[in-house]
**Q** 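Once you've had a glance at the structure underneath, I'll fire off some questions.
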Amino acid sequence: MIELRHITKRFTTSHGELHALDDVSLTINDGEIYGIIGSSGAGKSTLLRCINLLERPDDGAVLVDDVDMLSLRRGALAGKRRRIGMVFQQFNLLDGKTVYDNVALPMRLAGVPDHQIRERVETLLGFVELSDKANTYPPRLSGGQKQRVGIARALANNPQILLCDEATSALDPETTESILNLLQRVNREFGITIVIVTHEMQVIAKVCERVAVMSLGKIVEEGRVLDVFAYPKEPITRRFVRTIIDDRVPAPLMPLLKQERGHQEVWRLTSVGTSASDPILSDLAREFGIATRVLYAAITEIHGEVLGVLIVQAIGEPAVLERARRSVGEDGPHIELQDIDQLRQAIGEGVAA
Ligand SMILES: Nc1ncnc2c1ncn2[C@@H]1O[C@H](COP(=O)(O)OP(=O)(O)OP(=O)(O)O)[C@@H](O)[C@H]1O
Ligand SMILES: [Mg+2]
């Protein structure tokens, strides 16, 4: 288990003191894939580097498996660090050394005997599917291949924890997908705890179980990835979620709301699980005689589960709409009444328009 308690980190810059981390606390469980997302400069890398003390916090405690990292002397800290692998955005490979030597390096530094190194490098290159590239030099590899080497190197000393700092940010979407699949295999097959720092919500959606959202050196929201996607609380979290589920009513549909002469409401329905594809609109029509128009709809897979978001215009008598809303909310999706004027404002159309 990784525990960060009340971590503070300040940097002195030419503009004065910068509070990179401000009282950050976080617990990451063994065997999970944990995501840290935030905008540039939020403090993600600094926080990640506090876990293996590449960055020493000014205040607070760092516990890895109940060991107080800040109390360790140099030798003990080096030993502990060996069990914490790290993967970087720019791969950080040695261009003048072969793939084999890059992967072997951490073991050589740890004094592992040559025959063991050979066996381990072969196993690792097989695992990352680069056995045929052992004698190639990094400049001749694609970005995805370089990152596979980076991952093999990070696994060399049998780490319990893998820290990934924007490991897929330099890669195209397809290669990102394959690296994320590889990280999932690392997690499942070796039981390694993985901490992923990213600014891409699709990375969080695909592989993370829990996520922390960082802004200006603080964690502003934290929780199960599915919950954070379904019910984001903070504006910054909503902005990140919108990169995957852009739940805004398209401007060209707004006249539908303006032109409607009958009583209308706008509902936002959120469902988790396969019930997201239940025929809710036809049920509403049959049971309550309510007409609906779809203003936005998305069904997305988030960390292996289904999340559905539906925004509809519902037309009917006020009392009937209210009854229907209550009935839907009882056993169906979470239902939220949306303010039509706010919707107009959200797309830049004045309330008076
Ligand atoms: N060694 C340093 N000296 C001075 N300031 C630093 C140092 N390292 C980080 N900072 C500052 O601390 C803040 C947090 O930086 P950090 O690299 O942790 O952010 P980040 O969330 O990882 O951003 P990015 O997404 O751009 O990588 C930034 O304002 C950064 O400029
Ligand atoms: Mg960073």
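Atoms within a ligand are numbered from 1 in the order they appear, just like the ligands themselves. Positions are given from 1, in the same order as the sequence printed here. Because the structure is predicted, anything quoted here is derived from the model rather than measured.
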**Q** Taking only residues two or more places apart in sequence, or in another chain, which ones meet Tyr231 in a ring-ring contact (aromatic ring centres under 6.0 Å, His included)?
**A**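 Partners of Tyr231 by the ring-ring contact (aromatic ring centres under 6.0 Å, His included) criterion, ordered by chain and then number, come out as His334.
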**Q** Closest non-hydrogen protein atom to atom 25 (O) of ligand 1, residue and atom name please, with distance?
**A**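 The closest one turns out to be Lys44 NZ, 2.8 Å.
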**Q** Determine whether any heavy atom of Gly41 lies closer than 4.0 Å to an atom of ligand 1.
**A**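 For ligand 1, residue contact (heavy atoms, under 4.0 Å) with Gly41 is present.
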**Q** Mind checking salt bridge (Lys or Arg N to Asp or Glu O under 4.0 Å) for Glu265 and listing every partner two or more places apart, or none if nothing turns up?
**A**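 Glu265: salt bridge (Lys or Arg N to Asp or Glu O under 4.0 Å) contacts with Arg325.
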**Q** Which atoms of the protein, restricted to N, O or S, are nearer than 2.8 Å to the Mg ion (ligand 2)?
**A**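 Near the Mg ion (ligand 2), the protein supplies Ser45 OG.
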**Q** Ignoring hydrogens, what is the shortest heavy-atom contact between Thr198 and Glu166? Give both atom names and the distance.
**A**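 So the two residues come closest at CA-OE1, 3.5 Å.
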**Q** Any idea which part of Leu18 is under 4.0 Å from ligand 1, heavy-atom wise: side chain, backbone, both or neither?
**A**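 The answer is the side chain.
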**Q** Ser39 near ligand 1, heavy-atom distance under 4.0 Å?
**A**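 Heavy atoms of Ser39 do come under 4.0 Å of ligand 1.
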**Q** For Gly38 and ligand 1, does the shortest N/O to N/O distance drop below 3.5 Å?
**A**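 No, there is no polar N/O contact under 3.5 Å.
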**Q** Among all protein heavy atoms, pick out the one at the shortest distance from atom 6 (C) of ligand 1; state its residue, atom name and that distance to 0.1 Å.
**A**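 Minimum-distance protein heavy atom for atom 6 (C) of ligand 1 reads Phe11 CD1, 3.2 Å.
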**Q** Give yes if a backbone or side-chain nitrogen or oxygen of Ala20 is under 3.5 Å from a nitrogen or oxygen of ligand 1, and no if not.
**A**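 N/O-N/O distance below 3.5 Å does not exist for this pair.
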**Q** State which residues pass side chain to side chain donor-acceptor pair (under 3.5 Å) with Arg118; sequence neighbours excluded, sorted by chain then number.
**A**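 For Arg118, no residue satisfies side chain to side chain donor-acceptor pair (under 3.5 Å) once neighbours in sequence are set aside.
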**Q** Using distance alone, decide if ligand 1 has a nitrogen or oxygen within less than 3.5 Å of any nitrogen or oxygen in Ser40.
**A**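 By distance alone, the answer is yes.
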**Q** Do you know the tightest heavy-atom contact between Tyr296 and Asp246?
**A**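 Taking Tyr296 first and Asp246 second, the nearest heavy atoms are CE1-O, 2.9 Å.
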